[in-house]
S.K.: 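One structure is given below, represented as structure tokens, and several questions about it will come after.
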Amino acid sequence: MTDLVRARFPVVMGVLNVTPDSFSDGGRYADLRAAVGHGVRLRAEGADLIDVGGESTRPGADRVDAETETARVLPVIRELAAAGIPVSIDTSRARVAEAALAGGADVVNDVSGGLADPDMARVVRDAGCPWVLMHWRGHSRQMRDLAHYTDVVADVRAELGRRVDAALAAGVAAEKIIIDPGLGFAKTAAHNWELSARLPELLDLGFPLLFGASRKSYLGSLLAGPDGSPRPTSGREAATIATSLLAVAAGAWGVRVHDVRGTVDALAVWRATGSPRLVP
Ligand SMILES: Nc1nc2ncc(COP(=O)(O)O)nc2c(=O)[nH]1
């Protein structure tokens, strides 16, 4: 598989959660046939790779053990890989990542940025695969209490910088590293918007940046109804496309989305308009 980190811009990562409890699509693809069918569909709609996750990371979600997580993702990854579809494994566990890579995954998407499992760096280094280091401060049950920053962009930049340094020190090649601000992970809506508005300060770290806003609750709050009730997840696609496009215009390397078709269409418009850039 071509090295996605450098070969494409912007990369569209299609979300495939094979979990019963993910916040926006939980349970829909828990069945193997349904999951593989959805991955094939996302690829046909233009996804550059399919991000397969077996453990919900939504705030407050219960953790599952490595065996359960592996049992959920591996059959799906094997079939997608066998069909020639590039796959990333969305996991913070080294054992799950190792099994997924052996099953044909091409990229490790680690929401913990290597913090949750000290063995992840070895797995990634030995595989020579791209590694998404997302900004993270703790598992789902702790996240809400950890959303305290002096300057969220400066703090996220510094903490991501430390994760990059740790990866490099463990022998991971710099050209395999992708960073991600971790929208919604130990962050309030205000933090998410501040990070979205100041992406160039994260890009200054010198690594491709993956932007993952798709259907997240801060978009629901932005679009709340007159009674203050948040917009349901199904009604957040336009906002997702808008913020994803703005992130690409600001220099993001890729976007992680549920609605691949809409995002690909929006990026086609952006390219047809000469790929305008937001200048900080
Ligand atoms: N790299 C990366 N991975 C992620 N995995 C899961 C979720 C949670 O969203 P989901 O439940 O829709 O998958 N968000 C991210 C993200 O923002 N970045």
Side-chain angles (χ1 to χ4, degrees), residues 4-5 10-30 35 38-39 42 47-64 69 72-73 76 87-93 96-97 100 105 107-116 120 124 129-137 139-140 143 156 160 163-164 177-187 189 191-192 195-196 199 202 207-220 232-234 236-237 239-240 243-244 247 252-260 263:
L4 271 177
V5 175
V11 162
V12 176
M13 178 189 269
V15 178
L16 176 55
N17 289 318
V18 287
T19 59
D21 56 347
S22 285
F23 83 92
S24 74
D25 52 5
R28 202 172 303 169
Y29 309 114
H38 190 60
L42 293 179
D48 294 291
L49 77 162
I50 308 301
D51 189 43
V52 180
E55 180 180 46
S56 175
T57 54
R58 66 173 169 69
D62 291 325
R63 296 222 64 197
V64 296
E69 189 182 356
R72 287 175 177 172
V73 299
V76 178
V87 171
S88 52
I89 172 64
D90 186 342
T91 187
S92 57
R93 287 190 171 109
V96 176
V107 175
V108 172
N109 174 23
D110 179 358
V111 295
S112 80
L115 281 172
M120 186 69 91
V124 166
C129 66
W131 187 12
V132 178
L133 298 174
M134 194 188 83
H135 178 264
W136 184 85
R137 284 184 162 183
H139 288 292
S140 300
M143 280 199 290
V156 166
L160 274 177
R163 302 313 312 144
V164 167
I177 291 173
I178 301 160
I179 59 172
D180 180 324
L183 298 178
F185 289 81
K187 295 175 187 84
H191 292 146
N192 293 329
L195 285 161
S196 302
L199 287 181
L202 298 181
F207 294 91
L209 182 142
L210 179 65
F211 186 82
S214 190
R215 298 182 182 171
K216 288 186 175 174
S217 59
Y218 77 107
L219 299 179
T233 53
S234 59
R236 300 173 188 170
E237 296 305 3
T240 297
T243 193
S244 298
W253 161 83
V255 289
R256 181 179 177 279
V257 295
H258 300 81
D259 176 15
V260 166
T263 303

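Sequence positions, counted from 1, serve as the residue numbers for this chain. Order of listing sets the numbers, starting from 1, for every ligand and every atom in it. Nothing here was measured: the structure is a model prediction, and the numbers come from that model.
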S.K.: For ligand 1, is Phe185 a contact, meaning one of its heavy atoms is under 4.0 Å away?
M.R.: yes
S.K.: Show me which atoms of ligand 1 lie under 4.0 Å from any heavy atom of Leu210.
M.R.: 1 (N)
S.K.: Ligand 1 and Thr57, any nitrogen or oxygen pair closer than 3.5 angstrom?
M.R.: no
S.K.: Which atoms of ligand 1 are found less than 4.0 Å from any heavy atom of Val111?
M.R.: 3 (N), 4 (C), 5 (N)
S.K.: Check for me whether Lys216 has a heavy atom closer than 4.0 Å to any atom of ligand 1.
M.R.: yes
S.K.: Do the side chains of His38 and Ile50 get nearer than 4.5 Å, heavy atoms only?
M.R.: no
S.K.: Using a strict 4.0 Å cut-off to heavy atoms of His258, name the atoms of ligand 1 that fall inside it.
M.R.: 12 (O)
S.K.: I'd like to know if Met13 contacts ligand 1, where contact means a heavy-atom distance under 4.0 Å to any ligand atom.
M.R.: no
S.K.: Are any of the N/O atoms in Gly212 less than 3.5 Å from those in ligand 1?
M.R.: yes
S.K.: Under 3.5 Å, N or O to N or O, is Asn17 touching ligand 1 that way?
M.R.: yes
S.K.: Is the closest side-chain heavy-atom distance between Val73 and Thr91 below 4.5 Å?
M.R.: no
S.K.: Among Ile179, Val107, Val108, which residue satisfies the side chain to side chain contact (heavy atoms under 4.5 Å, CB included) criterion with Trp131?
M.R.: Val108
S.K.: Which of the numbered atoms in ligand 1 are under 4.0 angstrom from any heavy atom belonging to Val132?
M.R.: 1 (N)
S.K.: Taking only heavy atoms of Asn109 into account, list the atoms of ligand 1 that are under 4.0 Å away from them.
M.R.: 1 (N), 2 (C), 3 (N)
S.K.: Answer yes or no: is there a donor N or O on one side and an acceptor on the other, between the side chain of Asp110 and the main chain of Leu133, under 3.5 Å?
M.R.: no
S.K.: Tell me whether Asp180 is salt-bridged to Arg256, with the criterion being a basic N under 4.0 Å from an acidic carboxylate O.
M.R.: no
S.K.: If the cut-off is 4.0 Å to any non-hydrogen atom of Asp180, which atoms of ligand 1 fall inside it?
M.R.: 1 (N), 2 (C), 16 (C), 18 (N)
S.K.: Between Arg256 and ligand 1, which residue portion shows a heavy-atom distance shorter than 4.0 Å: side chain, backbone, both, or neither?
M.R.: side chain
S.K.: Evaluate the side-chain proximity of Tyr218 to Arg236: yes if any heavy-atom separation is below 4.5 Å, no if none is.
M.R.: no
S.K.: Would you say Thr240 and Asp259 make side-chain contact, with heavy atoms under 4.5 Å?
M.R.: no
S.K.: Does Pro181 offer a backbone N or O that forms a donor-acceptor pair with the side chain of Lys187 under 3.5 Å?
M.R.: yes
S.K.: Hey, does the side chain of Ser214 reach the backbone of His258 with a donor-acceptor pair shorter than 3.5 angstrom?
M.R.: yes
